[in-house]
Structure formats: C-alpha cells, structure tokens
A.B. asks: 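Structure below; questions to follow.
Every chain is numbered from 1, with letters handed out A, B, ... down the list of sequences.
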Protein chains: 2
Amino acid sequence: MPKDRAPTRIQKKNRAAILDAALNVFSAHGFRGATVDQIAAEAGLSKPNLLYYFPSKNAIHTALLSGLLDVWLAPLHDLDADGDPMEEMLSYIGRKLQMSRELPRESRLFANELVQGAPRIHDALSNDLKALVDEKTAVLTGWMDQGKIARLHPYHLIFSVWALTQHYADFDIQVRAILGDEDPFEGAAPFLDTLYRKLLTP
Amino acid sequence: MPKDRAPTRIQKKNRAAILDAALNVFSAHGFRGATVDQIAAEAGLSKPNLLYYFPSKNAIHTALLSGLLDVWLAPLHDLDADGDPMEEMLSYIGRKLQMSRELPRESRLFANELVQGAPRIHDALSNDLKALVDEKTAVLTGWMDQGKIARLHPYHLIFSVWALTQHYADFDIQVRAILGDEDPFEGAAPFLDTLYRKLLTP
DNA sequence: CGTGAGTTTGACCATATGGTCAAATCAAGA
DNA sequence: TCTTGATTTGACCATATGGTCAAACTCACG
C-alpha cells in the first residue's frame, strides 16, 4: 500500500477511479452483491492493483460512505435559520430533489445501506445525522412558534422531504415503469412545490 | 421434489416455513446477500431438504415476490371509485401506513428489489402494477374533474403515498435513530392525515 | 405389519470470491 | 543514467456458496 506521504499523481487518479467505480457497483448491487473483480474491472485495474490502494472491499465501501455523507446532508445543512421560512423550505426541497436527479447513485448507495439495517453507518446516523436533524428541527419549531409556517411534527416533516425526494432516485425503475416516457423530475418539481406550499402555509 | 398432487401436511408446513424464513433473510440482506444455508437454518431444515421443496434460491425468491405482490397492492386495489373521495384517499393512506407497520419485511423485500433495478420483477411493474395504477389514477382524475379533490398530477400523487408510507418500513433504522424512543407510527399517522387533508382539499 | 411414496441427510462438487505474495515493471529525482 | 521507491500483475490460496445425489429414514394406508 502507498506510504503515508502526499499522494502522487497516479495515486490520486487511481483512488478516484476506484471510488467512482465502487459507487457504480455498490449502488447497483449493494455491498454483498458487489464484487471486487467487478469494481476493479470498472476502474480499469487488476484486482491486486485495486487492493494495493484499498486494503479490502470493506475499506472501499467505508471510504465511499463517509466521503459522501457530507455531500448527502449538504442541502439540509444549508437550510438557513435567518432566511424566509417558506422560501428556505421550498429551496431545501428543490436542492434535495435536484440531488436525486443528479446523484442517483449516491442516493441508492445510502438506500441500500439503510434498507439492510445500516450495519456500516449506524453510528453516523445516531450521531452526526441526529445532531444535524435536531439542529434544523429546532429552526423549524422556531418558525412554527412565530406562526411563519404551519405547526407540524418537525421530525416527520423532515422525513417527508427525504421520502418524497429520494423516492425518485431510489425507486427510479418503478417510477419510470409507470410514467413511461414522461420525465419524472419534470412533474415532481411542481408537484412537490404545490404540496409543500399547501402543507406549510399556516 | 414433491409430485404434482395435493400437498401433504408436511409439504404445507415446510413450504410455509421456508417462505417465512426466506422473507426474513431476503428482506434483511437482499437477494445476493441471502444464503440458502441461512434460509434453511432459519426454517429448521437442512439445505438439501430445503432444495427438495424449491429447486433453487431463485425459485424461492420468485415464489415470495409473486406471492406477495397482490398483498402489497391490495390497499390501492381497494380504493373505491364510488366512495367519498377524501375519505377514500385518507383510508388508502391509512391502510398503506398500516402495512408498513405490520409488514415491514414485505416492504423491505420490495425495496431491496427496486433499489437494485428490479431485475426479477421488472415485468410485473410494467404490466400488473402499471395497469392497476392507470386504473386508479383514472378514478383520481375523475374526482379532480368533479372538483372533489384538488387538481394534482395523479401519478405523482400516488408516488407520494408510496414514498411517505413505505419510508417508515424501508428506512426504519434511520427513522428510529432520529426519533429515539418515540413510536414512528404514532406521529406518522396524524402527520400524513394532516398532509393529505391540506393537499387534497380543492 | 408391509410397502411404496414421501422425506431427510451426509458427503460431495464446481464455481465464485476476498485476499496474498513475490517478482516484474515503471517513474522521477539525484 | 542510475537508483530507489511506487506501481502492477500472474499465480495462488482459503473459504463460501449454490447445487447434486444416492442412500437412509418416515409416514400413511391397505
């Protein structure tokens, strides 16, 4: 394995290629369903070569998850307590829907992990995620107290955003089987806009 | 394998035990992550004994999925075009949420399959599911035309029900990591009731 | 009981898969 | 160019896993 120095040009390139390939494979087949050979092939490396950069399949998966958790939570993180409540919420929902559209692999990576009991990120959920959600639900509750948005259970309100937006990435196949040629996001954006305007108006 | 006669007492018992065990294992680990040994152990049978009742791992999975698809779609199937629109929708949502509460394994079984591109039930989606959804969205559109419920994209309205209800079964771990001791369904039921009342009121 | 169908299993096989290793090759600075 | 560390690989290993099979055992019924 590479020493603990500054990464070389080749190291940067290969590590990135591996993580990108791993994202493809893990998100499409889950941890157990993914094979190291498959990831190596997709990254254009031999298996031993891949294992020269990451010590194990598990290490790749862990690196992926922890590297992407921040990206995944960024939209919620950006919810601004000082902004206009309704606008902030609608823009949060818009950012989240955009992520489902542009980063479906990441969404499915987490979906796979969560559906199977999150064996590898349970800690991150109870710590980082819980902390972020608690911080933001406090903001929501504040807005409700001020009568700026309708009073609702703040946790379930957050859940609803996650469910409604990630559904389009995670269950893409089902959505497309029903919509046919129609672009899912074309209809989803105005639908969610309407939904949350009605829901949040006091 | 057993002949094509009426199933014996033992056949009934073992087939049922296998399918129940398989539901446990497949829903928790996905198709690839489940092993025949694991299912056999959970069913209290030896592996060759299990394979005496089902010819392969795939056959068990297929039997499970097709056997449960009807159960899974029953709530939507029961949506009555002749009932009161708002009541019908709220009761559909209630039934669906109830299913997430009582049949989380079934929900995760389908979630696992869908997230990974539904390789084994793609046909059922484009045929049976699509047909049922088309039938029911026609009912919804009718209600919208009559001004009984708000005009919304009917497909996305259905998707929203699926997303919001199944989220509590599929991502149970995440929901509980955030809610702590609070029972998810305790809060979800009134939340969804409020949400859809606001959304569907014309 | 006796008997034949139904049921169960230990032993086994072929393949897939995560991972190792020593040897070969390559790249970049002195 | 030479040297040294970084990179790459073919060959290999141990284990896991889906599946098979012939032999043994059980059960229901005449």
A.B. asks: Looking only at side-chain N and O atoms, does A:Y52 come under 4.0 Å of OP1 or OP2 in D:dT8?
C.D. replies: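 No, outside the criterion.
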A.B. asks: Suppose we screen for side chain to side chain contact (heavy atoms under 4.5 Å, CB included). Which residues come up paired with A:A22, at least two apart in sequence or across chains?
C.D. replies: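 Checked A:A22 against side chain to side chain contact (heavy atoms under 4.5 Å, CB included); matches are A:F26, A:I39, A:I60, A:L64.
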A.B. asks: Does a nitrogen or oxygen in the side chain of A:T8 sit under 4.0 Å from OP1 or OP2 of C:dA27?
C.D. replies: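 No.
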A.B. asks: Taking all heavy atoms of A:F159 and all of B:H167, pick out the closest pair and write down the distance.
C.D. replies: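 Of all heavy-atom pairs spanning A:F159 and B:H167, the closest is O-NE2, 4.2 Å.
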A.B. asks: Can you tell me the distance, in whole Å, between the CZ atom of B:R15 and the C1' atom of C:dG6?
C.D. replies: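 Computing the B:R15:CZ to C:dG6:C1' distance gives 13 Å.
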A.B. asks: Write down the atom of B:N24, the atom of B:S27, and the distance for their closest heavy-atom approach.
C.D. replies: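 Looks like O-OG, 3.1 Å.
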A.B. asks: Reckon A:N14 has a side-chain N or O less than 4.0 Å from the OP1 or OP2 of D:dT8?
C.D. replies: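 Checking D:dT8 against A:N14, a side-chain N or O does come within under 4.0 Å of OP1 or OP2.
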A.B. asks: Parallel, tilted or perpendicular, judged at 30° and 60°: which one describes the rings of A:H156 and A:H153?
C.D. replies: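 Because their plane-to-plane angle is over 60°, the rings of A:H156 and A:H153 count as perpendicular.
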A.B. asks: In chain order, what residues pass the side chain to side chain contact (heavy atoms under 4.5 Å, CB included) check against B:P75, with sequence neighbours excluded?
C.D. replies: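 B:P75 satisfies side chain to side chain contact (heavy atoms under 4.5 Å, CB included) with B:Y92, B:R95, B:K96, B:M99 only.
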A.B. asks: Mind checking salt bridge (Lys or Arg N to Asp or Glu O under 4.0 Å) for A:R176 and listing every partner two or more places apart, or none if nothing turns up?
C.D. replies: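 Partners of A:R176 by the salt bridge (Lys or Arg N to Asp or Glu O under 4.0 Å) criterion, ordered by chain and then number, come out as A:D172.
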A.B. asks: Of A:D145, A:I158, A:L152, A:L200, which is the lone residue that meets side-chain contact (heavy atoms from CB on, under 4.5 Å) with A:L140?
C.D. replies: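 It is A:I158; the other options fail the test.
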A.B. asks: Produce a footprint string for nucleotides 17-27 of chain D: one letter per nucleotide, 5' end first; B if the base is under 4.0 Å from any protein heavy atom, S if only the sugar-phosphate is, - if neither.
C.D. replies: SBBBB-----S
A.B. asks: What pairs with B:Y196 under ring-ring contact (aromatic ring centres under 6.0 Å, His included), at least two apart in sequence or on another chain?
C.D. replies: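 Once residues adjacent in sequence are excluded, B:Y196 has no partner under the ring-ring contact (aromatic ring centres under 6.0 Å, His included) criterion.
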A.B. asks: Going by number, which of residues 108-119 of chain B have a non-hydrogen atom under 4.0 Å from DNA chain C?
C.D. replies: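 Under 4.0 Å from DNA chain C: no residue of residues 108-119 of chain B.
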A.B. asks: Using a cut-off of strictly less than 4.0 Å, decide whether B:Q11 has a side-chain nitrogen or oxygen near OP1 or OP2 of C:dG6.
C.D. replies: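 Negative; the distance criterion is not met.
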A.B. asks: Any side-chain N or O of A:N49 less than 4.0 Å from the OP1 or OP2 oxygen of D:dT7?
C.D. replies: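 So the side-chain polar atoms of A:N49 never come under 4.0 Å of the phosphate oxygens OP1 or OP2 of D:dT7.
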